[in-house]
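All residue numbers in this chain count up from 1 along the given sequence. Since this is a predicted model, take the numbers as computed values, not measurements.
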Amino acid sequence: MITDVGNEPVTVLKGIGDKTAAQLEKLGLRTVGDLTANFPRSYESFERPTPVISLPDSGIVSICGVITSKPFRSSKNGRVTVSVWVDDGTAKIRVFWFNNPWIANSLRQGKRLVFRGHVTRRDHARFLTQPKVWDAEDYESISGTLLPVYSLTAGVTNALMRKATAAALDRAGKKAEYLPEEILAKYDLRDPESALRSMHFPADEADLISGRSRMVFEEFFLFLLALKRLRQAAADGGTAPVLDGPDADRLMAALPYELTGAQKRAWEEIRRDLASGKPMNRLLQGDVGSGKTVVAALALAQTASCGYQAAMIAPTLILAEQHYENLKEMFRAAGLDRKIVLLTGAVSRTERAEALAAIESGEAEIIVGTHALIQEGVRFAAPALVITDEQHRFGVKQRETFAAKGGQLTPHILVMSATPIPRTLAIILYGEQSVSVLDEKPQGRLPVKNAVVNEDYRERIWKFIEEQVSEGRQCYVICPMIEDNDITDAASAVTEYELLRKRFRGLSVGLLHGRMKNAEKEDVMRAFAAGETDILVSTTVIEVGVDVPNATVMLIENAECFGLAQLHQLRGRIGRGKEQSYCIFMDGSGREETNERLKVLLSTNDGFRIASEDLKLRGPGDLFGVRQSGDLAFRVADIYLDARTLKAASDEAEFLFQTDPGLKETGHRALAERLDAYMCENGDRLLL
Ligand code: ADP
Ligand code: MG
């Protein structure tokens with residue numbers, strides 16, 4: 001976030017009234033500064049129209065021609081298709097829209113328009129699908145430019161976002177420089193104001209690249225400086241020495257399996273850290289299914305056996321409950337009698353009060369909970385270890401929670417993650433000695449069988465799902481969106497759910513998506529985990545960490561809408577039991593290169609490889625939009641794409657920290673101020 005530009009409400013901008021402001025608020029945009037810091041999701045470029053006769057067989061193209069037929073409407077399986085013929089004088093081509101019946105209103109026969117969409121070839125004919133439509137002159141005025149594409153919500157169009165952002169940039173005006181001069185010169189970085197403007201409204205691609213590189217550098221640089229500060233402060237505090245006891249060994253001996261070599265190594269490293277007398281700050285990285293939970297359990301057991309409290313934080317309620325049940329079972333099997341408590345939003349008031357009292361008195365030895373709950377004012381008696389699962393963020397605010405009553409001890413921190421961050425970044429974040437990797441899958445697991453298919457296989461897939469369910473298995477059906485909209489025909493969870501309920505009358509079908517209330521989500525997920533639901537239709541909300549070993553089939557609708565890394569994470573939900581599992585990627589694009597991209601998933605099961613392939617295969621438009629680097633705090637920077645800048649920023653941060661740790665020199669004064677502000681704003685987003 002950027003603070004030195006206006007904290008004024010968006011309503012100070014011309015053309016933004018209370019109604020628009022309320023809609024912008026839904027996107028988290030309240031102030032002028034919020035708007036300027038809200039970077040485009042991607043950029044759209046508009047190439048000159050191609051003659052129909054020389055269209056390629058695939059890719060995004062624009063054509064300029066006359067509509068030569070009345071719009072034709074057809075509908076199949078509840079999905080409406082509209083089509084027209086377009087002739088540009090060189091040849092004719094058929095143009096299709098799916099699930100967008102309203103488009104017919106703007107398609108008059110004889111009208112000359114520009115159509116921009118995917119061209120595909122089937123048999124001998126090419127056709128154009130899902131194009132956007134412009135009047136020819138309108139298109140002329142934007143061709144050759146890069147247009148920002150923002151995240152939207154109901155009532156907020158991209159045009160509105162562009163206008164509001166432009167006004168916000170004008171209003172915000174001058175931005176003071178705060179990066180040291182040497183650095184600006186060395187890396188040839190632009191001034192902050194023009195760089196920011198180019199992020200939103202680049203003149204061309206080169207302008208975008210140079211503006212962006214400034215933003216990326218400062219983002220990494222501030223992040224790394226803040227991190228160094230926090231680490232320094234943490235290292236200055238003392239910590240609880242968690243020495244070896246018999247509990248971890250007993251727990252290990254009682255497991256129904258042998259630990260993998262990688263698990264043993266990781267545990268060895270953690271054990272050493274815990275006993276060292278210095279606060280541990282370790283990353284335990286392992287692909288989905290690599291068995292991180294049991295390693296965490298060993299650390300929890302060890303800590304509790306030394307008389308300290310240990311906590312494990314999960315990103316979702318379902319996962320917290322699963323960890324809780326798991327741990328109880330592991331400890332019971334080992335004959336370890338530890339007080340384990342669960343703290344989530346689903347527990348009753350009295351249970352919550354009891355849990356809080358037990359945590360405060362020290363009676364609770366192991367605490368499992370969700371992030372939010374641990375945050376709000378829980379007081380620990382003797383916290384010595386905090387484990388976060390599937391989450392990199394562990395902020396200053398959370399840390400305060402663990403500052404025991406009057407105690408100055410810094411807890412040991414173990415961050416567990418399946419996000420495949422590159423080794424260089426892991427080392428920059430945690431240090432060479434503090435990264436443990438589980439690079440070995442537990443034995444006896446059948447690898448998931450994968451298939452990339454298209455609509456022609458639909459009936460066979462339904463039959464296959466029926467068979468699996470009749471054998472007692474369960475199935476996930478994943479859809480990319482929540483509700484149908486008029487932009488793409490991607491299967492939506494709600495529509496799919498209705499469809500499947502009709503198709504599989506005898507079976508129990510569940511629905512899960514992000515707009516449901518938390519309590520509803522919990523119920524649905526619990527029913528699925530308990531085996532009461534046969535088929536669960538869901539959006540990506542099931543992505544993290546859930547373990548339902550009886551689920552053996554995952555059908556991913558419109559797999560082309562997902563990134564490869566995300567698809568890989570999704571399929572990690574199956575293949576967790578003894579039975580053979582199957583992941584089916586439904587490619588709804590009908591395009592050859594999409595199919596090729598998805599096939600990467602068939603050839604490897606290595607999350608790191610997949611993430612880097614993903615990057616190679618994305619188009620330039622995607623590369624420059626705002627991306628999510630797992631759950632790290634970066635808004636512009638991409639940890640893969642910008643690995644070089646990351647290294648440079650890390651070197652510079654290190655140098656600065658060595659030469660002027662307090663940022664006292666005159667040339668660093670502005671930076672010191674900016675860093676303070678950054679740390680205030682990002683206190684709970686920074687990792688420790
Ligand atoms: P993740 O790393 O994705 O969190 P989990 O900890 O959930 O993985 O482990 C996945 C499954 O593998 C669990 O059911 C767990 O009991 C099992 N598991 C873990 N370690 C081993 C092992 N060494 N041998 C066999 N099964 C294991
Ligand atoms: Mg896990």
Side-chain angles (χ1 to χ4, degrees), residues 223-224 227 231 259-274 279-300 312-315 319 323 371 385-394 412-442 445 543-547 563-573 575-576 604-615 628-634 637-640 643 646-647 650 685-688:
F223 177 78
L224 293 166
L227 203 61
R231 289 271 160 78
L259 291 186
T260 64
Q263 283 171 320
K264 283 182 190 156
R265 265 198 309 281
W267 167 233
E268 209 35 58
E269 289 162 348
I270 292 166
R271 218 168 52 101
R272 228 181 301 129
D273 283 359
L274 289 174
M280 170 171 78
N281 186 32
R282 179 168 288 278
L283 171 65
L284 175 59
Q285 195 170 37
D287 210 349
V288 277
S290 59
K292 294 184 287 294
T293 316
V294 64
V295 178
L298 293 170
L300 295 171
M312 172 129 100
I313 308 174
L319 210 54
H323 281 327
H371 220 261
L385 170 67
V386 184
I387 302 178
T388 65
D389 189 21
E390 306 292 356
Q391 208 148 19
H392 278 280
R393 279 169 285 154
F394 184 71
H412 297 287
I413 292 168
L414 179 65
V415 171
M416 304 201 294
S417 176
T419 311
I421 63 172
R423 186 157 174 82
T424 41
L425 176 62
I427 290 171
I428 286 171
L429 297 180
Y430 294 89
E432 180 89 53
Q433 303 306 317
S434 295
V435 179
S436 301
V437 180
L438 298 185
D439 50 6
E440 207 177 321
K441 283 255 159 105
R445 207 78 67 67
E543 202 172 341
V544 273
V546 186
D547 194 20
L564 294 182
Q566 196 181 13
L567 290 170
H568 178 65
Q569 291 272 329
L570 281 166
R571 81 171 155 191
R573 302 294 116 237
R576 301 188 142 234
T604 178
N605 206 20
D606 175 343
F608 289 79
R609 272 245 343 251
I610 289 168
S612 62
E613 281 297 320
D614 208 5
L615 183 75
Q628 291 153 1
S629 307
D631 38 15
L632 294 172
F634 307 125
D638 181 295
I639 53 179
Y640 298 98
L646 174 63
K647 183 74 177 64
S650 168
R685 307 207 311 166
L686 282 168
L687 35 73
L688 279 180

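Taking Ala296 as the reference, Met312, Ile387, Met416 meet the side chain to side chain contact (heavy atoms under 4.5 Å, CB included) condition, with sequence neighbours excluded. In this structure Glu268 satisfies the side chain to side chain donor-acceptor pair (under 3.5 Å) test together with Arg271, sequence neighbours excluded. By the side chain to side chain donor-acceptor pair (under 3.5 Å) test, Thr260 pairs with Gln263, sequence neighbours left out. Residues passing the side chain to side chain donor-acceptor pair (under 3.5 Å) test with Glu269, sequence neighbours excluded: Ser436. With sequence neighbours excluded, the residues satisfying side chain to side chain contact (heavy atoms under 4.5 Å, CB included) with Ala426 are Leu283, Ile421, Val435. Residues meeting the side chain to side chain contact (heavy atoms under 4.5 Å, CB included) test with Lys647, sequence neighbours left out: Asp651. Residues satisfying the salt bridge (charged side-chain N to carboxylate O under 4.0 Å, His left out) criterion with Arg265, sequence neighbours excluded, are Asp439. In this view, Leu567 and Ile556, Ala559, Phe562, Leu564, Leu570, Phe585, Leu598, Leu601 satisfy the side chain to side chain contact (heavy atoms under 4.5 Å, CB included) rule, not counting sequence neighbours.
Between Val386 and Ile313 there is a side-chain heavy-atom pair separated by less than 4.5 Å. The closest side-chain heavy-atom distance from Phe223 to Ile428 is not below 4.5 Å. Counting heavy atoms from C-beta outward, Leu646 and Leu224 have side chains that approach closer than 4.5 Å.
A side chain to side chain contact (heavy atoms under 4.5 Å, CB included) with Leu300 is found for exactly one of Leu385, Leu414, Val295, namely Leu385.
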Worked check of side chain to side chain contact (heavy atoms under 4.5 Å, CB included) between Leu274 and Met280: CA-CA 6 Å; Leu274 289 174; Met280 170 171 78; 4.0 Å; yes
Full working for side chain to side chain contact (heavy atoms under 4.5 Å, CB included) between Ile427 and Leu429: CA-CA 5 Å; Ile427 290 171; Leu429 297 180; over 6 Å; no
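Donor-acceptor pairing under 3.5 Å is lacking for the side chains of Asp273 and His412.
Put simply, the side chain of Lys292 gets close to the backbone of Gly286: a donor and an acceptor are under 3.5 Å apart.
Between Leu438 and Ala266 the shortest heavy-atom distance is CD2-CB, 3.9 Å. Between Glu440 and Ala262, the shortest heavy-atom contact is OE1-N, 3.1 Å. Between Ala314 and His323, the shortest heavy-atom contact is CB-CD2, 4.1 Å. Residue Tyr430 comes nearest to Asn281 through the heavy atom pair CD2-O, 3.7 Å, listed as atom of the first residue, atom of the second, then distance. Nearest heavy-atom pair across Ala299 and Ile270 is CB-CG2, 4.1 Å.
The line from CD1 of Ile413 to OG1 of Thr388 is 8.0 Å long, rounded to the nearest 0.5 Å. Remark: His568 NE2 to Arg571 CZ distance equals 5.5 Å, nearest 0.5 Å. Within the model, atoms CD of Gln285 and OG of Ser417 stand 6.0 Å from one another, a figure rounded to the nearest 0.5 Å.
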